Number of protein chains: 2
Amino acid sequence: MAHKAAFTAVKTVKAYERVVEQIESAISTRDLRPGDRLPSERELMLTFEVSRSTIREALRVLESTGLVRSRPGDPRGPEVLQASPAILTKTVNRLVRLETIALSELVEFRIMLEDAACTLAAEHRTEEELEAMRAAVDAMQAEIANGPVAFSRADVAFHSSVWAASHNQLMQICGEATRGALIDMVTGGLDRAPDSATKMELSLAHDREILAAISAGDGPTAGRLARSFVIEYYGDVISPEGRAVQGGVAGA
Amino acid sequence: MAHKAAFTAVKTVKAYERVVEQIESAISTRDLRPGDRLPSERELMLTFEVSRSTIREALRVLESTGLVRSRPGDPRGPEVLQASPAILTKTVNRLVRLETIALSELVEFRIMLEDAACTLAAEHRTEEELEAMRAAVDAMQAEIANGPVAFSRADVAFHSSVWAASHNQLMQICGEATRGALIDMVTGGLDRAPDSATKMELSLAHDREILAAISAGDGPTAGRLARSFVIEYYGDVISPEGRAVQGGVAGA
DNA sequence: AGAAATACATGGTCAGACCAGTACACTCTG
DNA sequence: CAGAGTGTACTGGTCTGACCATGTATTTCT
């Protein structure tokens, strides 16, 4: 060996991975926007100079990532999708199910989110958003008669309206993701539907309290209330020592 | 129509999806455990009675989900992997980048995370983690002489150790993601390296304060400190009205 | 002009082939 | 008998070419 050259490691990059890489990067640079169409598989194999199998494998991973959707028979080609927290939910779910992430962590995270969202909502909400939240609470009231499932759906809608009022998309996204994951994990899909009318009334009362604080612009109170209600709600599913119960409540 | 039968919607399920489904479910029921080997693609195509392309597409999505890894030439077949939150990081990152998120929202989110992480760290940290944090702070001290870039790296390491001590992987992941996004947005990659020794000293002093609170097990103080330091750090880059500055500081 | 039938390209799946690479058993050697 | 070197069978990665059912867009017919 003449030179002690600074060679760099050579990693075999699979062809389909490079296809994924390029398309993904085109999406993240906004060269491809939601609603746009990718060329057909047969065209892609020409531009990337690979076989259709390779193109298809790339499309499958893009599809599993939620970036793209292929529909058979559509001559316009695969569609670029709008990014959605749904995929996040699925991933979190899997991790919780595989016990890589403890349920208590999820609840902790949820507490923090709910606190922050309510705090911010109290400070940033517009009149329209306030109106939407009031309407959501009224809807909950109305849905009590229609049973726990309908009520839970209305409850979810209320919380969504709060997140929207927080004016923070990240919290909205994480909120959606954790809600989805918690629902699936805790009850297998029923959102811990309150089993009795009194429980529904209680939930409703809680939400009314929060709404009042948000309406009054009292961020700290809104946050504290949200925090304690989540703890109450999920108190029975967190770890025995009650890890998630602690954590900065600090309520004066 | 004789009967008004309760037919259920029929969705065309693609073949590779059913393969994914079955393997994934086998993993989540622990029928397949990390380290186990899947049959080779050629065997799988026999047991599932589909072509190899279909099997491969299924394996690609499982691989992109981080559940499985295929290596060429390995006669033992694809390996079932230990589930890891790393995959979540990628998803969160993509979401943060794809969603047009205002800088102020990112900072807000960051404030909330840092607060919660420090609060939790103060309550859950072990002795070892405390030691790691002390070591990280000492490293920062030492790196001051080596310039802002080295110092920033050490600073990041300290915060990582705090997140680790929070025992909440979700916060850890979101913390990493927001840090990355903030670095990209604010400076295009330089992590706002403090430009003067005095600024470095200031950062170090802040971190020492936080560490002291964590060490004392004083969650509320640790959280409040973290919050105010992040605000101070990013105060000049958030929106004029200082939206992100508010929000539940509620410091006594 | 509106409705019905058609044409065509698309994605989903399959079969069969070739190659480079790895794990493992085998052989040769000391 | 132990260790180093060789071989080989089978793996995953990629390609070609084919068939089908389906959805869109055009054409045709009324």
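Each chain gets a letter, A, B and so on, in the order the sequences are listed, and its residues count up from 1. In this text, all values refer to a predicted model and were calculated from it rather than measured experimentally.
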Check the side chains of B:R97 and A:S28 for a donor-acceptor pair under 3.5 angstrom, ignoring hydrogens and angles. no
Do A:F48 and A:R18 have side chains that get closer than 4.5 Å, going by heavy atoms? no
Mind checking whether A:T65 and B:R94 have side chains closer than 4.5 Å, heavy atoms only? yes
Tell me, please, the opening and closing nucleotides of DNA chain D, 5' to 3', among those with an atom under 4.0 angstrom from a non-hydrogen atom of chain B. D:dT11 to D:dT14
Any B:N146 side-chain heavy atom under 4.5 Å of B:F151 side chain: no
Go through the steps to decide whether B:S64 and A:S64 satisfy the test side chain to side chain donor-acceptor pair (under 3.5 Å), and finish with yes or no. CA-CA 8 Å; B:S64 87; A:S64 86; 2.8 Å; yes
Helical bend (five base pairs per end, nearest 10°) for the helix from C:dA1-D:dT30 to C:dG30-D:dC1: 10°
Just do the salt bridge (Lys or Arg N to Asp or Glu O under 4.0 Å) check on B:E143 and B:R153 with the steps written out, would you? CA-CA 9 Å; B:E143 294 289 2; B:R153 196 163 33 234; over 6 Å; no
Which one of B:E17, B:E63, B:E57 satisfies the salt bridge (charged side-chain N to carboxylate O under 4.0 Å, His left out) criterion with A:R60? B:E57
When you check every protein heavy atom under 4.0 Å of nucleotides 7-18 of chain C, what one-letter string (B, S, -) results, 5' to 3'? ---BBBBB--BB
Between B:Q169 and A:T100, is there a donor-acceptor pair closer than 3.5 Å when you use the side chain of the first and the backbone of the second? yes
Taking it one step at a time, do A:E108 and B:H167 satisfy side chain to side chain donor-acceptor pair (under 3.5 Å)? CA-CA 10 Å; A:E108 256 175 10; B:H167 292 187; over 6 Å; no
Applying side chain to side chain donor-acceptor pair (under 3.5 Å) to A:E114 and A:H159, what does each step give before you reach the verdict? CA-CA 9 Å; A:E114 207 74 41; A:H159 286 275; 2.9 Å; yes
